[in-house]
Asker: 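Just passing along the structure, written as structure tokens.
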Amino acid sequence: MPRHLISIHDLTAAEVAGLFRLAADVKANRSKYENHMHRKTLGMIFEKSSTRTRVSFEAGMAQMGGQALFLSSRDIQLGRGEPISDTAQVLSRYIDGIMARTFAHQTVTDLAKYGTIPVINGLTDDLHPCQGLTDYFTLMEVFGGLDALRGRKLAYVGDGNNMAHSLMLGATKVGMDVAIASPKGYEVKERYAGLARQDAQAAGTKVILTNDPVEAVKDASAVYTDVWASMGQESEQQERVKAFKGFTVDSALMSHARKEAVFLHCLPAHRGEEVSAEVCDGPQSRIFDEAENRLHVQKAIMLWLMAGVEI
Ligand code: CP
Ligand code: NVA
């Protein structure tokens, strides 16, 4: 059975460290990997929109001598009701890996269950592991190595969504504490909080869940936010804007973090809602380094899962 990347929870801390070493090498020595995906094809299934995920996976495959196929669910038979199990088995006969962005998390787990090739989760309603890994990789660069992350705190302020879940599950893998502040009724799912707490207990890190943004941000080395209405929740936009009052990451909130704290956002961002323009485009922001790193980290993930490169 091939390995997949469905959730950061499935990776050991050593594997995360290995992926980050490989990603750093990919970033520093791009030409070294230019033939590693020769004659390999990645199928990219998208049920939702994307800028970063689509372009970074596609460019990543091209840079390593392979190719990527954009498979919009509107165009392939999946969108007309062909079973996921059949889709997974058929694609497994043609290509070398699948990256999928879906609504239901189970669509991605089913692709892995029924197919025989590696599956990479490119975002589901529940998780966004490629982004979460990239965020900790970016913090590793900012603070000067993986050891420098140990004992630091990441604060996530906003919706208890796919990003909150993946950041919560990733923190323990790099030895960080994580604090999630969400409005009442918009907290993280207990299922993922439970997994994160278990991992944190074993790793000796903390998972703090609160409804108070100031409590979360206090003493943090990184402050993170994401949109208030995720893809598929557009009709809830108005009521969410009301519910998330007081959860905007602005300079006043940032002042509770450590002096060296950086601001991260997976993007796309809504300036004036979850983050002020001043913070999003200010000196503490690392959003474009973060976006760039998607490319390097995902190339490392593909090298590991699809080309047998050891981590
Ligand atoms: N952060 C992220 O996944 O961006 P896209 O939705 O543009 O892929
Ligand atoms: N939570 C957001 C992340 C986008 C990258 C969404 O699911 O729309």
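In listed order, ligands and their atoms are each counted from 1. As a basis for the values below, the full set of heavy atoms in this structure was taken, side chains included, without hydrogen atoms, waters or symmetry mates.
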Asker: Could you tell me whether Met231 and ligand 2 have an N or O pair separated by under 3.5 Å?
Answerer: yes
Asker: List the steps and the verdict of side-chain hydrogen bond (donor to acceptor under 3.5 Å, both in side chains) for Arg101 and Thr53.
Answerer: CA-CA 9 Å; Arg101 166 167 288 194; Thr53 304; 2.9 Å; yes
Asker: Could you tell me which atoms of ligand 2, counted from 1 in the order shown, lie closer than 4.0 angstrom to a heavy atom of Asn162?
Answerer: 1 (N), 2 (C), 6 (C), 7 (O)
Asker: May I ask you to check whether Ser230 has an N/O atom sitting below 3.5 Å from an N/O atom of ligand 2?
Answerer: yes
Asker: Applying the 4.5 Å side-chain criterion to the ILVMFWY set and letting contacts propagate, would Leu305 and Met37 be lumped into a single cluster?
Answerer: yes
Asker: In terms of side-chain heavy atoms, does His9 have a donor or acceptor partner in Asp199 at a distance below 3.5 Å?
Answerer: yes
Asker: Taking 4.0 Å as the limit for heavy-atom contacts, which would you say applies to Leu123 with ligand 2: side chain only, backbone only, both, or neither?
Answerer: side chain
Asker: I want to know if ligand 2 touches Asp226 in the polar sense, i.e. an N/O pair below 3.5 angstrom.
Answerer: yes
Asker: Contacts table for ligand 1: protein N or O within a distance under 3.5 Å of ligand N or O, distances only.
Answerer:
{"residue": "ligand 1", "atom": "1 (N)", "partner": "Gln131", "partner atom": "OE1", "Å": "3.0"}
{"residue": "ligand 1", "atom": "1 (N)", "partner": "Cys266", "partner atom": "O", "Å": "2.9"}
{"residue": "ligand 1", "atom": "1 (N)", "partner": "Leu267", "partner atom": "O", "Å": "3.0"}
{"residue": "ligand 1", "atom": "1 (N)", "partner": "Arg294", "partner atom": "NH1", "Å": "3.4"}
{"residue": "ligand 1", "atom": "3 (O)", "partner": "Thr53", "partner atom": "OG1", "Å": "3.1"}
{"residue": "ligand 1", "atom": "3 (O)", "partner": "Arg101", "partner atom": "NH2", "Å": "3.0"}
{"residue": "ligand 1", "atom": "3 (O)", "partner": "His128", "partner atom": "NE2", "Å": "2.9"}
{"residue": "ligand 1", "atom": "3 (O)", "partner": "Arg294", "partner atom": "NH1", "Å": "3.0"}
{"residue": "ligand 1", "atom": "4 (O)", "partner": "Arg52", "partner atom": "NE", "Å": "2.8"}
{"residue": "ligand 1", "atom": "6 (O)", "partner": "Arg101", "partner atom": "NH1", "Å": "2.8"}
{"residue": "ligand 1", "atom": "7 (O)", "partner": "Thr51", "partner atom": "N", "Å": "2.7"}
{"residue": "ligand 1", "atom": "7 (O)", "partner": "Arg52", "partner atom": "N", "Å": "2.8"}
{"residue": "ligand 1", "atom": "7 (O)", "partner": "Arg52", "partner atom": "NE", "Å": "3.1"}
{"residue": "ligand 1", "atom": "7 (O)", "partner": "Arg52", "partner atom": "NH2", "Å": "3.0"}
{"residue": "ligand 1", "atom": "8 (O)", "partner": "Ser50", "partner atom": "OG", "Å": "2.6"}
{"residue": "ligand 1", "atom": "8 (O)", "partner": "Arg52", "partner atom": "N", "Å": "3.4"}
{"residue": "ligand 1", "atom": "8 (O)", "partner": "Thr53", "partner atom": "N", "Å": "2.8"}
{"residue": "ligand 1", "atom": "8 (O)", "partner": "Thr53", "partner atom": "OG1", "Å": "2.7"}
{"residue": "ligand 1", "atom": "8 (O)", "partner": "Arg101", "partner atom": "NH1", "Å": "3.3"}
{"residue": "ligand 1", "atom": "8 (O)", "partner": "Arg101", "partner atom": "NH2", "Å": "3.2"}

Asker: Heavy-atom count around Asp86 CG within 6.0 Å, excluding the residue itself: above 12?
Answerer: yes
Asker: Can you tell me how far the OG1 atom of Thr41 sits from the CG atom of Leu69, to the nearest 0.5 Å?
Answerer: 6.0 Å
Asker: Output, in order, the C-alpha distance, side-chain angles, deciding distance and verdict of side-chain hydrogen bond (donor to acceptor under 3.5 Å, both in side chains) for Glu274 and His270.
Answerer: CA-CA 6 Å; Glu274 75 273 6; His270 293 184; 4.5 Å; no
Asker: Both conditions, 6.0 Å and 45 degrees, for the charged tip of Arg54 above the ring of Phe70: are they met here?
Answerer: yes
Asker: Does even one non-hydrogen atom of Leu267 get within less than 4.0 Å of ligand 2?
Answerer: yes
Asker: Just verifying a value: how many Å separate Leu146 CG and Glu141 CD, rounded to the nearest 0.5 Å?
Answerer: 12.0 Å
Asker: We want to know whether Gln237 and Arg240 form a side-chain donor-acceptor pair, criterion being a heavy-atom distance below 3.5 angstrom.
Answerer: no
